[in-house]
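Whatever order the structure lists ligands and atoms in, that order sets their numbers, starting from 1. In this chain, residues are counted from 1 in sequence order.
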Amino acid sequence: MSKGSSIKTIEELSALLGPGGWIDGESDDAAQYLTDWSGAFTGKAIGIARPTNVAEVQAVLKLAKKESLGVIPQGGHTGLVGGGTPFNEGNVIVLSLKRMNKIRKIDPANYTLVVEAGAILQEVQEAAVAHDRFFPLSLGAEGSCTIGGNLSTNAGGVNVIRYGNARELVLGLEVVLPDGEIWDGLRTLRKDNTGYHLKHLFLGAEGTLGVITAAALKLFPKPMRTAAAWVATPSVKDALAVLEIARNETGDSIETSELITRRVVDVVVSQMDGVRDPMPDTSPFYILMEASTTRKAETGETPQSMLENALAQAIETGHATDAIIAQSDQQRTDFWKIRESSPEAMRRLGKPRITWDVTLPISDLPDFYAAAEKRMAEVAPDVTFQGFGHMGDGNLHYAAYGDRVREIKSLLDKTLYDLVADFEGSFSAEHGIGQKRTEELERYKSPVEYKLMQTLKNALDPDGRMNPGKVLHV
Ligand SMILES: Cc1cc2nc3c(=O)[nH]c(=O)nc-3n(C[C@H](O)[C@H](O)[C@H](O)COP(=O)(O)OP(=O)(O)OC[C@H]3O[C@@H](n4cnc5c(N)ncnc54)[C@H](O)[C@@H]3O)c2cc1C
């Protein structure tokens, strides 16, 4: 794009989007859109477009097409793989959906909610509760991330064991395609077998195939009572046994099962204010577990009594060494503070680190965990290595700390990912590919699968302008 046309384009965009709708890429206000939450990814853009409705998104995409500009959709910018952050070339517009944040419709009888892409996840959860319903997607960044970002990354979080990940919570989408055409697929039907289910193309596509502008989401009955437990367990194998006992004993009402290591607890307690260690002992692992019921009447067994029975059994059989069941909302919040603030605590620790987000068949977790510890120690004995996370759905977040981690990153990546592949797992469980894992996608997907993805990308975005360079090397 020539300088003359760039000035004209910027003027056109500013006029089109009105006051507050355009931020120049060089201005201070642009900084938050150009560097991600973790500070690991930063780049340049001509500017930030901030539309307030779907017609404005359409107009931006049409203009971008005319001027051959890349477009990077962005929500809360909390993604952990650099998907919403531009590269350094600068010939792109960041398209922030944050001002498109209305809840368009809640239909409690249909158990659905239609919302614009820029709505903050926590606000969507609250809107559902206000209508006596439940939207179960829940993750540490829920106060900042947006529904559009959640769906575009197919976010997971802490309730996947019971409700599935973001993809499974969507009935329909409204999408603006790379050429500016609008696809209105905002249906709220539970059954709709009328050809290809196009919504799945855009869910998890990380903004590379189009811009999600609104979504029809599934709602659920609201949990009426929830019990939370903090359980000490000697090994990953025992942790899985505790989960199995709990699922059986609670009539499968377990919603959450997070594995947390002693090391993670220590880091969180040392770095974060107002965090209490629920069980200051030396157990190597803990499980944060929750059970809930949607039953209104307070009769029969409660989540609390069911968890008590389950955990007594787990202790009797030696799979758990101790357990605390939260006796108040405050105690439950204290448990969650440890888990939810672990990414921030690790960031504050300030040590060179790399993180991974892998998933395995749940039954293979113990063997995988042991093999990963052994192999990582062999290739990098001076590196501290730890794994924790959403054990209930097979997802582990690993982190490695040490002065040399960045130097030997490729070796560590390859060691862990090869092992994941040996166990038929995935190198990206819930964070996606973004700009961080494009090489792994090419290496670990079969050539057929990778080519199919390229075919889809070329069909929908033949100019390669939607989030260029993310997910695929086209
Ligand atoms: C403390 C913390 C905890 C986290 N915990 C979890 C967790 O438990 N589980 C989990 O899955 N993730 C987790 N994440 C990662 C992150 O919060 C999720 O990936 C979230 O879904 C991103 O939403 P966002 O609105 O911030 O998206 P962004 O970061 O803005 O964008 C993410 C990707 O989606 C694309 N995108 C955004 N909006 C749209 C749109 N409307 N249309 C098309 N493409 C779009 C972007 O281009 C980018 O590729 C965590 C992050 C943090 C900081």
(request) Give the intermediate values and the outcome of salt bridge (Lys or Arg N to Asp or Glu O under 4.0 Å) for residues K470 and E206. (result) CA-CA 8 Å; K470 311 291 173 53; E206 299 181 54; over 6 Å; no
(request) Please report the C-alpha distance between E440 and R443 in whole Å, then the side-chain angles of each, then the deciding distance to 0.1 Å, and finally whether the salt bridge (Lys or Arg N to Asp or Glu O under 4.0 Å) criterion is met. (result) CA-CA 5 Å; E440 284 81 11; R443 188 176 321 135; 5.1 Å; no
(request) Walk me through it: do D266 and R262 pass the test salt bridge (Lys or Arg N to Asp or Glu O under 4.0 Å)? (result) CA-CA 6 Å; D266 289 341; R262 179 74 242 164; 3.1 Å; yes
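Using a 4.0 Å heavy-atom cutoff, G156 is listed among the residues neighbouring ligand 1. Within the 4.0 Å heavy-atom shell around ligand 1 one finds G210. Residue E142 places no heavy atom under 4.0 Å from ligand 1. In this structure, K470 does not count as a contact residue of ligand 1, since none of its heavy atoms falls inside 4.0 Å of the ligand.
The distance criterion of under 3.5 Å between nitrogen or oxygen atoms is met by G75 with respect to ligand 1. Geometrically, ligand 1 and I72 share no nitrogen or oxygen pair separated by less than 3.5 Å. Every N/O-N/O distance between Q74 and ligand 1 stays at or above 3.5 Å. Looking at ligand 1, you won't find any N or O of S144 less than 3.5 Å from one of its N or O atoms. Between C145 and ligand 1, no pair of N/O atoms sits closer than 3.5 Å. At under 3.5 Å, a nitrogen or oxygen of N467, whether backbone or side chain, sits near a nitrogen or oxygen of ligand 1. The shortest N or O to N or O distance between A117 and ligand 1 is not below 3.5 Å. Taking distance alone, with nitrogen or oxygen atoms compared against 3.5 Å, P73 approaches ligand 1 more closely than that limit. When only interatomic distances are considered, the shortest N/O to N/O separation between L139 and ligand 1 does not fall below 3.5 Å.
Between Y398 and Y369, the two ring planes are tilted [angle within 30° to 60°]. Between W230 and F335, the two ring planes are tilted [angle within 30° to 60°].
Between the side chains of E258 and W336, no donor-acceptor pair of N or O atoms lies under 3.5 Å. Side-chain contact check for S292 and R162: at least one donor-acceptor pair (N or O, by modelled atom type) lies under 3.5 Å. Counted by atom type alone, N159 and T256 present one or more donor-acceptor pairs between their side chains at under 3.5 Å.
For atom 51 (C) of ligand 1, the candidate residues are V57, V94, T213, T78; the nearest heavy-atom contact is made by T78. With G79, S152, G84 as candidates, the residue nearest to atom 40 (C) of ligand 1 on a non-hydrogen basis is S152.
Taking every heavy atom of G207 and a limit of under 4.0 angstrom, the matching atoms of ligand 1 come to 43 (C), 44 (N). Taking every non-hydrogen atom of T146 and a distance limit under 4.0 Å, the qualifying atoms of ligand 1 come out as 24 (P), 25 (O). The contact set between ligand 1 and E206, taken as ligand atoms under 4.0 Å from a residue heavy atom, comprises 35 (C), 47 (O), 49 (O). Within ligand 1, the atoms closer than 4.0 Å to a non-hydrogen atom of H390 are 8 (O), numbered from 1 in the order shown. Atoms of ligand 1 lying under 4.0 Å from any heavy atom of L97, numbered from 1 in the order shown and given with element: 41 (N). Interface atoms of ligand 1 facing N150, defined by a heavy-atom separation under 4.0 Å, are 20 (C), 21 (O), 23 (O). Distances below 4.0 Å separate heavy atoms of A155 from the following atoms of ligand 1: 11 (O), 21 (O). Of all atoms in ligand 1, listed by their number and element, those nearer than 4.0 Å to a heavy atom of G83 are 47 (O), 48 (C), 49 (O).
Residues passing the side-chain hydrogen bond (donor to acceptor under 3.5 Å, both in side chains) test with K451: none are found, sequence neighbours excluded.
Atom 33 (C) of ligand 1 has its closest protein heavy atom at T153 CG2, 3.7 Å. Atom 14 (N) of ligand 1 has as its closest protein heavy atom L80 CD1, 4.0 Å. For atom 24 (P) of ligand 1, the nearest protein heavy atom (residue, atom name, distance) is G76 N, 3.4 Å. Of all protein heavy atoms, the one lying nearest to atom 3 (C) of ligand 1 is A141 N, 3.7 Å. The closest protein non-hydrogen atom to atom 27 (O) of ligand 1 is G149 CA, 3.4 Å. Shortest contact from atom 53 (C) of ligand 1 to any protein heavy atom: W37 CD2, 3.3 Å. The protein atom (non-hydrogen) at minimum distance from atom 28 (P) of ligand 1 is H77 N, 3.6 Å. Distance from atom 7 (C) of ligand 1 to its nearest protein heavy atom, with residue and atom name: E430 OE2, 3.3 Å.
A heavy-atom distance below 4.5 Å is not found between the side chains of T52 and K102. The shortest distance between side-chain heavy atoms of N91 and I46 falls below 4.5 Å.
Between the side chain of Q74 and the main chain of G84, a donor-acceptor pair closer than 3.5 Å is present. With hydrogens and angles disregarded, no donor-acceptor distance shorter than 3.5 Å links the side chain of R353 to the backbone of Y401. N395 places no side-chain N or O within 3.5 Å of a backbone atom of H397 that could act as its donor or acceptor partner. Using a distance-only test at 3.5 Å, with no hydrogens or angles considered, a donor-acceptor pair links the side chain of R347 to the main chain of W37. A donor-acceptor pair under 3.5 Å links the side-chain atoms of T261 to the main chain of V264, judged by distance alone.
With a 4.0 Å cut-off on non-hydrogen atoms, I212 touches ligand 1 through its backbone as well as its side chain. Contacts between H431 and ligand 1, counted as non-hydrogen atom pairs separated by less than 4.0 Å, involve the side chain only.
With values rounded to the nearest 0.5 angstrom, L80 atom CG is found 9.5 Å from T153 atom OG1. The distance from atom CG of L412 to atom CH2 of W356, rounded to the nearest 0.5 Å, is 5.0 Å. Of the inter-residue distances, the one linking E442 atom CD with H473 atom NE2 reads 6.0 Å to the nearest 0.5 angstrom.
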